[in-house]
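Residue numbering restarts at 1 for every chain, and letters A, B, ... go by the order of the sequence lines. Remember, it's a predicted structure, so these values are computed and weren't measured experimentally.
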There are 2 protein chains.
Amino acid sequence: MNLLEKLHSEVASLSKSERKVADVILADPQGAIHKSIATLAQLAEVSEPTVNRFCRTLGTKGYPDFKLLLAQSLVKGTPFVNRHVEQDDSTEDFTGKIFESTMAALNVTRKHIDIDRLEQAIEALSNATKISFFGLGASASVAHDAQNKFLRFDTPVLFSDDVMMQRMAAINSGPTDVLVFISHTGRTKALCEIAAIARQTQATVLGITADPSPLADECSIVLSSQVPEDTDVYMPMASRIAQLVLIDVLITGYTLRRGPDFRDKLRLIKESLRDSRFDKHKG
Amino acid sequence: MNLLEKLHSEVASLSKSERKVADVILADPQGAIHKSIATLAQLAEVSEPTVNRFCRTLGTKGYPDFKLLLAQSLVKGTPFVNRHVEQDDSTEDFTGKIFESTMAALNVTRKHIDIDRLEQAIEALSNATKISFFGLGASASVAHDAQNKFLRFDTPVLFSDDVMMQRMAAINSGPTDVLVFISHTGRTKALCEIAAIARQTQATVLGITADPSPLADECSIVLSSQVPEDTDVYMPMASRIAQLVLIDVLITGYTLRRGPDFRDKLRLIKESLRDSRFDKHKG
DNA sequence: CAATAAATGTAATAAAATTACAAAAGATAA
DNA sequence: TTATCTTTTGTAATTTTATTACATTTATTG
């Protein structure tokens, strides 16, 4: 965790005066790194030693060290911030913002991934005799995508964006099946019900959703895709991308676990698709 | 250019003593950022003011400023590279690689976006009386996603991943329609044929695909999604994400062009969905 | 409402960086 | 070469900056 994130997360546990310092820094971190301890103390309306103590509380050696670490945490490395699109943005502006926000979401997701759960999920998928992907609305296309990928393997795959179909599939699932539920909010009633049904059949219920959430409660394994997002007017964008990448990770793990033989099969599939394509070097 | 690169490139044009300072810093930049001007001067066997002058020569305000910038340049800056997954990668390893590669793809795509074409595309979509999204295989889910998003507006939207359906829709299109063709390679024969048909009806044919490619040749507007990719055993991953983000950009432009009234409508849709969800603060 | 602990500030001190100026070192032209 | 000028470097003083020691205030607990 870099210093800026640490500051954000620990601001609550700071004393009154130290919080004043934190506020000033958070208001303009870029400016803060060029201020002397005296200037900063004045801005925060505290004494200089308070600023110094504040630095030590954050685990740094002193004020100069703090500035150094702060400067590093401000560098383009985690520069991807969730910036809101405004009505009067130029095309260039909002394009940049959307790309940045998406990358920010991926960054956050990667950092918060629970590798243990991920391995559990891959393990479950590898042992499954049938895999189903369920999503509704915006998450339907994510489930659709997952199906596309898993179709290339020999395990039967099902995808549905229809509540009745999903319900039937859930009822007919068994202990060796994996059902993957994809939902941005984790609050879609229909999906929660279906997950509960699947759970009763002792199938593995894998959730790619917000955690905690009602849907997460119904799952045997949850991969959290929660991303700090603009739940504003614009529809879920970034979190859906994060979900897709999580699925990429799952399928990669699945492929690797199957070993080199499987990769040969994949190659065969690729080749069989070639006939339906124009030759690369023809035009 | 960051400070460390600058230092490397200007070391030749420095004076004798200043070069000594440069050498000491380059030998251990990470260590240098924690040294005082006195320590550094001693190590370089020069006087303190020489170190200070050295900093100014490099275009910084002084020694503390120099250290700050040096610290920043030492941070892993936008290092997102397309790294290949290996058979013996740990879960953590390949997860990191996939996230990084995806971010790298987004970075590349953003850099190569042609804003003019993007605006043409948004313009065309805004004036369309009907919008269709076509994709096959892995690109079908991208088209599916696009439909989901555009369904929230009042312009009729069609999505299909079926060649016959697509063909019929293309034949029945007209000059006020926009047909969006999504393809990773731009070489899928069926899709090219359908695009050609659509072209003849004078509809706007928008391609989200590789450029140049046979499909791109059939399009009136092409948004390039070509990403340097692992066409290896693993299936297209990152390019698909880039396509989705391009669609996010399109819909955002579309929404903004419709103005604030439209945003109210979106809010209404969101609220109407609320009933099908669990309350956020209940469970 | 004491007694104690925690937080904060004041003032002194120490450390660090910068400046002004002087001394070398090097370049240029008679 | 040497006188003159420019550039480079160092010394010492000065200023700025950060830290420490200690006093004061504020909060907490029995």
How bent is the helix from C:dC1-D:dG30 to C:dA30-D:dT1, measuring the angle between the end axes built from five pairs each, rounded to 10°?
20°
Side-chain N or O of B:Thr50 less than 4.0 angstrom from OP1 or OP2 on D:dT8?
no
Under 4.0 angstrom between A:Lys16 side-chain N/O and D:dA27 OP1 or OP2
yes
All side chain to side chain donor-acceptor pair (under 3.5 Å) counterparts of B:Asn52, not counting sequence neighbours:
B:Arg56
Of all residues at least two apart in sequence or in a different chain, which pass the side chain to side chain donor-acceptor pair (under 3.5 Å) check with A:Glu48?
none
Rounded to the Å, how far apart are A:Leu14 CG and C:dT8 P?
10 Å
Whole-Å distance between C:dA6 P and A:Glu18 CD?
14 Å
Would you please confirm or rule out a distance under 4.0 Å between OP1 or OP2 of C:dA7 and any side-chain N or O of A:Ser17?
no
Please identify each residue that fulfils side chain to side chain contact (heavy atoms under 4.5 Å, CB included) with A:Thr204, with sequence neighbours left out.
A:Ala124, A:Val178, A:Ser220, A:Ile221
What one-letter contact string describes nucleotides 11-21 of chain D from 5' to 3', where B marks a base within less than 4.0 Å of any protein heavy atom, S marks contact via sugar-phosphate atoms alone, and - marks no contact?
BB-----SSB-
Between C1' of C:dA17 and CG of A:Leu68, the distance in whole Å:
15 Å
Sequence neighbours excluded, the answer for side chain to side chain contact (heavy atoms under 4.5 Å, CB included) partners of A:Thr91 is A:Phe94, A:Thr95, B:Ile115, B:Leu118, B:Glu119, B:Ile122
What pairs meet the side chain to side chain donor-acceptor pair (under 3.5 Å) rule with one or both residues in residues 16-29 of chain B, with sequence neighbours excluded?
B:Glu18-B:Thr57
Side chain to side chain donor-acceptor pair (under 3.5 Å) against B:Ser90, all qualifying residues, sequence neighbours excluded:
B:Asp93
Base, sugar-phosphate alone, or nothing: which one does B:Val46 contact when heavy atoms must sit under 4.0 Å apart?
sugar-phosphate
Between the side chain of B:Thr50 and the main-chain N/O of B:Val46, is any donor-acceptor distance below 3.5 Å?
no
Backbone N or O of A:Ser183 within a donor-acceptor pair of the A:Thr209 side chain at under 3.5 Å?
yes
Who passes side chain to side chain contact (heavy atoms under 4.5 Å, CB included) against B:Ser36, sequence neighbours left out?
B:Ala38, B:Thr39
Taken to the nearest whole Å, NZ/A:Lys20 to P/D:dT26 is 12 Å
